[in-house]
Amino acid sequence: SVWYSQSVNWAAENQIVNGVSDGTFAPDSSITREQLAVILYRYAMYKGYDIAAKDKSDISAFSDSEKISSYAADAISYVTAIGVMNGRGENTIAPSELVTRAEVATMLMRFAEIKG
């Protein structure tokens, strides 16, 4: 019954989001950088964008690449390859850190500029 319910239902029906690890949604929780990467990656697949760019990004170059969850590796490869997500300072990607509003705004703007 909240204002975003239809959007969350649409995203779930189209396999863009699938909730948190216990199968529930946590819409009022903050998300991590890797979770945002996964959402953008799944949306790109839904739209039929060419996701082959994920094979062109070497995420092992980030000093904290071992912290990237296995479910998010292709997504982070994709969003870094297309320039939507950049690392944070000191050559880190900070996958499990919360994404800031400024980062979300920047990444959404960059993503919106992609032509598929």
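The shown structure was predicted, so the numbers you read here are calculated from the model rather than taken from an experiment. Every heavy atom of this structure was used, including side-chain atoms; hydrogens, water molecules and symmetry mates were not.
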Q: Under 3.5 Å, side chain of Asp50 to main-chain N/O of Ala52, donor-acceptor pair present?
A: yes

Q: Looking at every non-hydrogen atom in both residues, tell me the closest pair between Thr100 and Arg88 and how far apart they are.
A: CG2-NH2, 4.1 Å

Q: Between Tyr49 and Phe111, how do the two ring planes meet: parallel, tilted or perpendicular, split at 30° and 60°?
A: tilted

Q: For Tyr41 and Tyr78, take the angle between the two ring planes, folded into 0 to 90°, and tell me which bin it lands in: parallel under 30, tilted 30 to 60, perpendicular over 60.
A: tilted

Q: Compare all side-chain heavy atoms of Met107 with those of Arg33 and state whether any distance is below 4.5 angstrom.
A: yes

Q: Is there a path of hydrophobic side-chain contacts, each under 4.5 Å between heavy atoms of I, L, V, M, F, W or Y residues, that connects Ile51 with Leu108?
A: yes

Q: Any side-chain heavy atom of Pro95 within less than 4.5 Å of one from Ile76?
A: yes

Q: Please give me the minimum heavy-atom distance between Ile82 and Ala53, naming the atom from each residue.
A: CG2-CB, 3.7 Å

Q: Please find the pair of heavy atoms, one from Ile93 and one from Asn86, that lie closest to each other, and give the distance.
A: CD1-O, 3.8 Å

Q: Return the CD1 to OH distance between Ile16 and Tyr46, rounded to the nearest 0.5 Å.
A: 6.5 Å

Q: Would you check if the side chain of Thr92 reaches a backbone N or O of Asp64 as a donor-acceptor pair within less than 3.5 Å?
A: no

Q: Are Asn91 and Phe62 close enough that some pair of their side-chain heavy atoms sits under 4.5 Å apart?
A: yes

Q: Please report the closest heavy-atom contact between Ser63 and Glu90, naming both atoms and the distance.
A: OG-O, 3.6 Å

Q: Strictly distance-based, threshold 3.5 Å: is any side-chain N or O of Ser57 a donor or acceptor partner for the main-chain N or O of Lys54?
A: no

Q: Please say which of Val79, Thr106, Val99 ends up in a side chain to side chain contact (heavy atoms under 4.5 Å, CB included) with Met85.
A: Val79

Q: If you count heavy atoms of other groups shown closer than 6.0 angstrom to CD of Gln15, is the number above 12?
A: no

